[in-house]
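What follows is a single structure, written as structure tokens, with notes after it.
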There are 2 protein chains.
Amino acid sequence: MDRFLSQTAEYALRAMAWMALTEPETPVLARDLSEGSGVPPHYLAKILRRLVLAGLLASQKGRGGGFTLARAPADILFRDVLAAVDAYPTGDRCAFGWGACDAARPCPLHASRSALATAFREWSASTTLASVQQGAENPSVRLSAALRASALRTRARARTRAIERPATKRRRSP
Amino acid sequence: MDRFLSQTAEYALRAMAWMALTEPETPVLARDLSEGSGVPPHYLAKILRRLVLAGLLASQKGRGGGFTLARAPADILFRDVLAAVDAYPTGDRCAFGWGACDAARPCPLHASRSALATAFREWSASTTLASVQQGAENPSVRLSAALRASALRTRARARTRAIERPATKRRRSP
DNA sequence: AGATAAAAAGAGCTAGAAGTCTTTTTATCG
DNA sequence: CGATAAAAAGACTTCTAGCTCTTTTTATCT
């Protein structure tokens with residue numbers, strides 16, 4: 001094992017982190033986000049959808065569309081992001097296998113398990129997307145550069161396509 | 001999502017917790033452990049094997065055999081149990097997708113992620129099996145009762161089998 | 001209107017986790 | 001020794017997270 005959270009949860013945090021590091025209000029393409037963050041494009045699309053449904057992102061279809069943060073980074077908890085992709089553990093089922101298990105009638109594992117649950121809840125409820133914006137070496141500089149590069153690639157792709165298709169109109173099978 | 005750890009990790013902790021609550025030195029049958037803890041019997045067998053290989057349990061084959069704790073509960077960390085079933089996250093891969101990411105060159109998610117990792121490590125390295133033995137309502141009483149009942153069922157099974165097979169000797173297909 | 005560009009939807013694939021079943025090995029008892 | 005009782009081994013199945021591919025919908029631009 002090499003990670004604490006599920007792959008999907010990590011992808012969701014990664015995507016939101018990227019969003020928090022881009023120019024606010026400017027729509028970001030799923031494709032650029034995928035290339036920049038390394039999350040598989042189609043899988044990222046599904047994750048983004050869930051983040052939209054959870055009210056953390058806003059999406060705009062069609063030309064000039066893309067994704068934008070729905071709220072200020074400081075108002076988006078890690079917990080919100082995890083919950084959006086169903087990666088926020090409720091921990092309501094007893095680890096010991098008991099039907100009922102609470103503070104009143106704790107199972108032998110209850111106390112230890114609660115300690116972990118509490119630590120996790122405090123972490124995810126006290127950490128916001130704003131935390132990714134402050135770095136010792138100002139990582140946003142590097143990130144902006146990466147995204148700029150990505151945007152340049154996007155324009156390059158457009159140009160390439162324009163060249164590949166010289167004046168002839170193509171139509172897909174009817 | 002409803003749990004913090006993988007199903008296997010939870011089963012491993014559950015099994016070890018049961019072991020810590022039984023009479024020391026007295027071998028516990030995998031079957032009784034399964035019935036008592038609710039872990040599927042054959043799956044539990046595999047988990048127990050891993051715990052033996054990790055040096056946390058001792059096993060004895062044949063009649064009168066079973067499983068016993070290899071060390072005192074206070075000397076068995078939750079971390080040890082999780083590591084035995086490969087459920088101890090190393091967290092060495094960057095959550096942001098960077099190849100290199102450490103305290104020197106942290107990714108934007110590094111600090112937050114480290115906070116979680118630290119909390120988890122401290123929890124799993126400071127919690128031992130002894131923690132399951134101390135409960136406000138002395139859960140070991142209830143557990144001992146449950147195990148006693150389980151042991152009784154085992155003897156009942158033996159009796160039943162003895163009755164089902166009255167003096168005739170059966171042999172499996174050659 | 002028509003071309004284009006974006007998100008959205010949905011069907012399907014794959015590998016690994018979780019769980020089952022059967023057989024084999026090893027020990028003990030009578 | 002032979003019956004029995006336990007763990008151990010291993011093949012096999014099932015389910016689901018993660019991932020891919022294709023098509024559809026919606027918006028914008030000329």
Side-chain angles (χ1 to χ4, degrees), chain A residues 1-3 5-12 14-15 26-34 38-53 57-68 85-87 154-155 157-159 161-162 164-165 167-174, chain B residues 1-3 5-12 15 26-34 38-53 57-68 85-87 151 154-155 157-159 161-162 164-165 167-174:
Chain A
M1 250 245 300
D2 44 23
R3 69 176 76 84
L5 303 164
S6 71
Q7 183 71 84
T8 303
E10 224 176 76
Y11 284 166
R14 199 188 292 186
T26 307
V28 178
L29 300 188
R31 195 201 303 131
D32 287 340
L33 210 47
S34 166
V39 180
H42 294 103
Y43 197 57
L44 175 63
K46 305 200 163 178
I47 293 172
L48 292 174
R49 191 79 249 280
R50 301 181 74 171
L51 293 168
V52 168
L53 291 176
L57 290 180
S59 67
Q60 177 65 23
K61 279 188 174 186
R63 276 202 184 187
F67 295 87
T68 46
V85 294
D86 197 30
T154 299
R155 285 181 220 119
R157 271 193 302 271
R159 252 182 281 118
R161 254 170 282 150
E164 278 173 345
R165 167 187 26 76
T168 77
K169 295 178 183 176
R170 292 182 302 181
R171 177 160 286 282
R172 77 168 46 164
S173 58
Chain B
M1 248 247 298
D2 44 22
R3 70 176 76 84
L5 304 163
S6 72
Q7 182 71 81
T8 302
E10 226 176 75
Y11 284 166
T26 306
V28 177
L29 300 188
R31 194 202 304 132
D32 288 340
L33 210 48
S34 166
V39 180
H42 295 103
Y43 197 58
L44 175 62
K46 302 197 168 178
I47 294 172
L48 292 174
R49 191 80 248 282
R50 301 180 75 170
L51 293 168
V52 168
L53 290 176
L57 289 180
S59 66
Q60 178 65 22
K61 280 188 175 185
R63 274 202 184 188
F67 295 88
T68 46
V85 293
D86 198 30
T154 299
R155 286 182 220 120
R157 271 193 303 271
R159 251 181 283 118
R161 254 170 285 149
E164 277 172 346
R165 168 184 31 72
T168 77
K169 294 178 184 177
R170 291 181 303 182
R171 178 161 286 284
R172 76 171 48 164
S173 58

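Per chain, numbering begins at 1; letters A, B, ... match sequence-line order. Any value given below was found using the heavy atoms of this structure, including those in side chains, with hydrogens, waters and symmetry copies removed.
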Integer-rounded Å distance: dT20(C) P and I47(B) CD1 = 12 Å
Between dC19(D), dT28(D), dA6(D), which nucleotide gets closest to the side-chain atoms of P40(A)?
-> dC19(D)
For the side chain of L29(B), counting heavy atoms from C-beta on, which of dA8(C), dA9(D), dA7(D) is nearest?
-> dA7(D)
Sequence-aligned protein contact record of nucleotides 11-18 of chain D, with B where the base is within under 4.0 Å of a protein heavy atom and S where only the sugar-phosphate is | B------B
Starting at the 5' end of DNA chain C and moving along, which residue's nearest nucleotide shows up first, G64(A) or A45(A)?
-> G64(A)
Starting from the C-alpha separation in whole Å, work towards a yes-or-no answer on side-chain contact (heavy atoms from CB on, under 4.5 Å) for V52(A) and R49(A).
-> CA-CA 5 Å; V52(A) 168; R49(A) 191 79 249 280; 4.1 Å; yes
Think S59(A) has a side-chain N or O under 4.0 angstrom from the OP1 or OP2 of dA8(C)?
-> yes
Which comes earlier along DNA chain D counting from the 5' end, the contact point of H42(A) or that of F67(B), where each point is its nearest nucleotide?
-> F67(B)
Within less than 4.0 Å of OP1 or OP2 of dA7(C), is there a side-chain N or O belonging to R49(A)?
-> no
When every non-hydrogen atom of L29(B) is compared with those of G65(B), the smallest separation belongs to CD2-O, 3.4 Å
Overall bend - the helix from dA1(C)-dT30(D) to dG30(C)-dC1(D), comparing terminal axes fitted on five pairs, nearest 10 degrees | 0°
Side chain to side chain donor-acceptor pair (under 3.5 Å) filter on Q60(A), not counting sequence neighbours, yields none
Give a yes/no answer on whether the side chain of Q60(A) brings an N or O atom under 4.0 Å of OP1 or OP2 in dT26(D).
-> no
Which nucleotide sits closest to the side chain of K61(A): dT25(D), dA27(C), dA7(D)?
-> dT25(D)
In whole angstroms, the gap separating C1' of dA9(D) from CG of L48(B) amounts to 14 Å
In whole angstroms, the gap separating P of dA6(D) from CG of L33(B) amounts to 14 Å
Y43(A) versus T8(A), side-chain donor and acceptor atoms under 3.5 Å = yes
May I ask you to test the L33(A)-V39(A) pair for a side-chain heavy-atom distance under 4.5 Å?
-> no
Find the distance L57(A):CG to dA6(C):C1' and express it as a whole number of Å.
-> 15 Å
Over all atoms of both residues, closest heavy-atom pair of V85(B) and A12(B) | CG1-CB, 3.9 Å
Shortest non-hydrogen contact between A87(A) and A9(A), atoms and distance = CB-CB, 3.6 Å
Closest heavy-atom contact between E10(B) and L5(B)?
-> OE2-O, 4.4 Å
Sorted by position of nearest nucleotide on DNA chain C, 5' first, the leading residue of P41(B) and L53(A) is L53(A)
Find the distance R50(B):CZ to dA9(D):C1' and express it as a whole number of Å.
-> 15 Å
Rounded to the nearest 0.5 Å, what's the gap from CZ on F67(A) to CG on L57(A)? Could you check?
-> 7.0 Å
